[in-house]
2 protein chains.
Amino acid sequence: MAHVRSRRAEASAPAAAVQQNVPDGPLFDPVDRDPAYTRVAAAIEAKILARELRAGDPLPPETELAQQFRVHRSTVREALRRLESAGLIKRPPGAKRMVVSRPAASQVASGMRHALVLHDVTFVAVWEAMMVIEPEVAALAAVRRTQADLSALVATHEAFKASPKGDPHAVEIVARFFELLGAAARNQVLVLAKQSLTRALAPSLARMIDTVPQARSRISDAQKKIIASLREKNVEEARRWMSKHVRDFKRGYEVAGISPETPISA
Amino acid sequence: MAHVRSRRAEASAPAAAVQQNVPDGPLFDPVDRDPAYTRVAAAIEAKILARELRAGDPLPPETELAQQFRVHRSTVREALRRLESAGLIKRPPGAKRMVVSRPAASQVASGMRHALVLHDVTFVAVWEAMMVIEPEVAALAAVRRTQADLSALVATHEAFKASPKGDPHAVEIVARFFELLGAAARNQVLVLAKQSLTRALAPSLARMIDTVPQARSRISDAQKKIIASLREKNVEEARRWMSKHVRDFKRGYEVAGISPETPISA
DNA sequence: AGTTGTCCTATTGTCCGACAATCCGACCAA
DNA sequence: TTGGTCGGATTGTCGGACAATAGGACAACT
């Protein structure tokens with residue numbers, strides 16, 4: 001395995017190219033100089049996106065990859081961390097080799113949550129997005145829901161009603177209700193987007209529910225009405241009640257004295 | 001720096017713990033055994049999300065991190081690749097040290113695109129999501145747009161009209177139009193979601209525009225109408241025209257003879 | 001004064017080589 | 001069938017090394 005000690009040559013060749021007067025813009029483009037681990041990662045990523053490597057396929061062992069790419073194993077490993085974090089590969093619990101995988105919804109959601117948090121996105125911004133998406137999801141769900149969807153929603157609704165007063169779990173149940181609704185809407189894209197929003201909102205929502213006494217009953221009521229609308233496949237009602245439901249969140253914040261400009265917390 | 005050769009001890013201690021009969025659920029939780037690079041990454045990530053490390057702050061040099069965490073530099077580097085791919089840290093072009101950063105919108109979008117592609121999400125699914133989001137974004141934009149937003153939109157619209165027939169660039173201009181609209185709506189969350197959708201749709205959209213002769217003029221027309229609605233701050237019209245605009249995309253696909261079930265391509 | 005060349009140091013990118021822990025399958029004993 | 005034991009394959013981690021580059025300081029040149 002030959003040492004790679006030729007970066008200078010690689011970099012200076014283009015810079016020494018013919019020079020001419022060019023009216024506008026920079027004369028040269030910045031020369032490509034991404035590290036090997038980036039290229040290795042990109043190469044593997046490309047094969048995955050092109051389906052040459054399918055989800056579930058085991059990746060060749062690190063040593064072999066190193067030989068093929070003509071880089072050191074450490075370099076390969078850095079590339080693998082890249083892909084791992086992107087959710088393109090993962091290690092099944094208790095397995096040795098890495099396998100190709102499809103990014104889990106939760107992974108995408110958490111990526112978006114990070115972005116929202118670090119960009120100081122406020123509660124209203126997320127809420128506004130929910131106001132846009134959720135009612136339409138409910139409408140879709142009213143059309144497409146199966147019996148199984150209904151049962152799952154009912155079960156979750158019951159779980160919420162049964163959850164004790166100060167239960168920190170309650171928010172998770174609310175979140176699950178939203179997720180099930182997304183599933184019933186049969187649209188993976190919206191599910192992904194929704195999930196990100198719910199997850200981002202969850203922590204502050206928890207505070208709100210604990211603070212506002214009426215919150216629990218209002219939520220429970222809305223859930224009941226939404227389920228009923230879905231059962232009757234009443235699109236308009238589903239949309240309307242979900243709208244109300246989400247709007248209530250903001251009201252809850254106001255009642256709790258939390259500013260709408262509160263940034264999403266980590 | 002001491003070698004760490006004690007994984008067995010660490011792992012078997014809990015497994016050797018007291019055993020008792022427990023009625024339900026597994027007797028033991030799976031023992032934590034994530035590799036060091038994961039923990040290092042998690043530790044740094046936590047500090048970033050907690051704002052102890054702010055965007056722009058330079059990360060300590062790898063050697064120093066290695067000393068602090070008591071791990072080898074290679075291990076630190078693997079952790080850094082993780083964070084890098086998550087967009088939490090990056091290297092400013094031509095800099096040496098890594099700096100803390102906030103995940104760029106484009107990064108989140110490309111993550112979601114990967115997910116959509118690998119989950120075989122179809123064109124209709126993305127289109128449906130656009131039908132949900134875009135009209136509302138247009139409505140918001142009609143309320144919040146500034147003069148500058150209008151100018152930018154107009155400029156892009158002109159660019160689209162001016163783009164030559166077979167220009168593969170045209171789609172990018174269409175995408176930009178959508179992005180500007182998102183910016184005008186002043187909601188970062190929706191911008192993020194939108195961007196993912198547009199990006200995911202772009203490649204197949206390109207094929208459609210090239211195939212369907214009327215596509216260009218219809219798009220141009222819709223853009224004009226949308227801009228006009230924003231100018232007048234006419235919320236209803238904005239929503240209506242955007243709805244039409246997006247609906248047209250699907251029509252274009254039908255005319256082009258592309259199945260709505262076509263999966264999003266890479 | 002502005003440009004260019006030289007030298008140093010801090011830090012990254014990459015490599016080499018090594019070894020313990022673990023997984024896996026095969027093979028054997030009870 | 002169930003429960004050891006054994007060897008090979010592969011990962012996680014480490015120590016250690018060196019070239020390449022960024023950034024700064026400072027002298028030399030025009």
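Just so it is clear: chains get the letters A, B, ... in the order the sequence lines come, proteins before strands, and each one is counted from 1. When reading the values below, keep in mind they use all heavy atoms of this one structure, side chains included, and skip hydrogens, waters and symmetry mates.
- As a whole-Å value, the separation of A:Lys96 NZ from C:dA20 P is 14 Å.
- By the side chain to side chain contact (heavy atoms under 4.5 Å, CB included) test, B:Thr75 pairs with B:Ala36, B:Tyr37, B:Val71, B:His72, sequence neighbours left out.
- The nearest whole Å value for the distance from the CD1 atom in B:Ile89 to the C1' atom in C:dT12 is 13 Å.
- Out of D:dA9, D:dG12, D:dG16, the shortest distance to the side chain of A:Arg91 is found at D:dG12.
- Comparing D:dT10, C:dT12, D:dT21 by their closest approach to the side chain of B:Glu62 singles out C:dT12.
- For A:Leu65 and D:dT11, the CG to C1' distance is 13 Å, given to the nearest whole Å.
- Ion pairing between A:Asp149 and A:Arg186 holds under the 4.0 Å rule for side-chain N and carboxylate O.
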Checklist entry - When you look at B:Gln188 and A:Leu116, which way does the side chain to side chain contact (heavy atoms under 4.5 Å, CB included) test go after all the steps? => result CA-CA 8 Å; B:Gln188 297 177 280; A:Leu116 298 184; 5.6 Å; no

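- Taking every heavy atom of residues 75-85 of chain A and every atom of DNA chain D, pairs under 4.0 Å involve A:Arg77, A:Arg81, by number.
- Listed by chain and number, the residues in a side chain to side chain contact (heavy atoms under 4.5 Å, CB included) with B:Glu64 are B:Pro60, B:Pro61, B:Gln68 (sequence neighbours excluded).
- Nearest nucleotide to the side chain of A:His72, out of C:dT12, C:dC16, C:dG13: C:dC16.
- By the salt bridge (charged side-chain N to carboxylate O under 4.0 Å, His left out) test, A:Arg81 pairs with A:Glu84, B:Glu78, sequence neighbours left out.
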Kindly list each side-chain donor-acceptor pair under 3.5 angstrom involving residues 118-126 of chain B, sequence neighbours excluded, with atom names and distances?
from: B:His119; atom 1: NE2; to: A:Pro103; atom 2: O; distance (Å): 2.9
from: B:Asp120; atom 1: OD1; to: A:Arg51; atom 2: NH1; distance (Å): 3.0
from: B:Asp120; atom 1: OD1; to: A:Arg51; atom 2: NH2; distance (Å): 3.0
from: B:Thr122; atom 1: OG1; to: B:Ala125; atom 2: N; distance (Å): 3.4

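- Where B:Ser74 and B:Pro61 each meet DNA chain C at their nearest nucleotide, the meeting point lying more 5' is that of B:Pro61.
- Here C:dC16 presents its P atom at 12 Å from CZ of A:Arg70, a figure rounded to the nearest Å.
- Rounding to whole angstrom units, CD of residue A:Glu64 and P of D:dT10 are separated by 8 Å.
- Which of D:dT11, D:dA22, C:dG13 sits closest to the side chain of A:Tyr37 comes down to C:dG13.
- Remark: P of D:dA9 and CD of A:Gln67 are 13 Å apart, rounded to the nearest angstrom.
- Atom C1' of nucleotide D:dA22 and atom CE of B:Met98 are separated by 15 Å, given to the nearest angstrom.
- Judged by atom type and distance alone, A:Arg73 reaches the base of D:dG12 through a side-chain donor-acceptor pair under 3.5 Å.
- Distances shorter than 4.0 Å separate some side-chain N or O of A:Arg33 from OP1 or OP2 on D:dA22.
- Residues that satisfy the salt bridge (charged side-chain N to carboxylate O under 4.0 Å, His left out) test with B:Glu179, not counting sequence neighbours, are B:Arg199.
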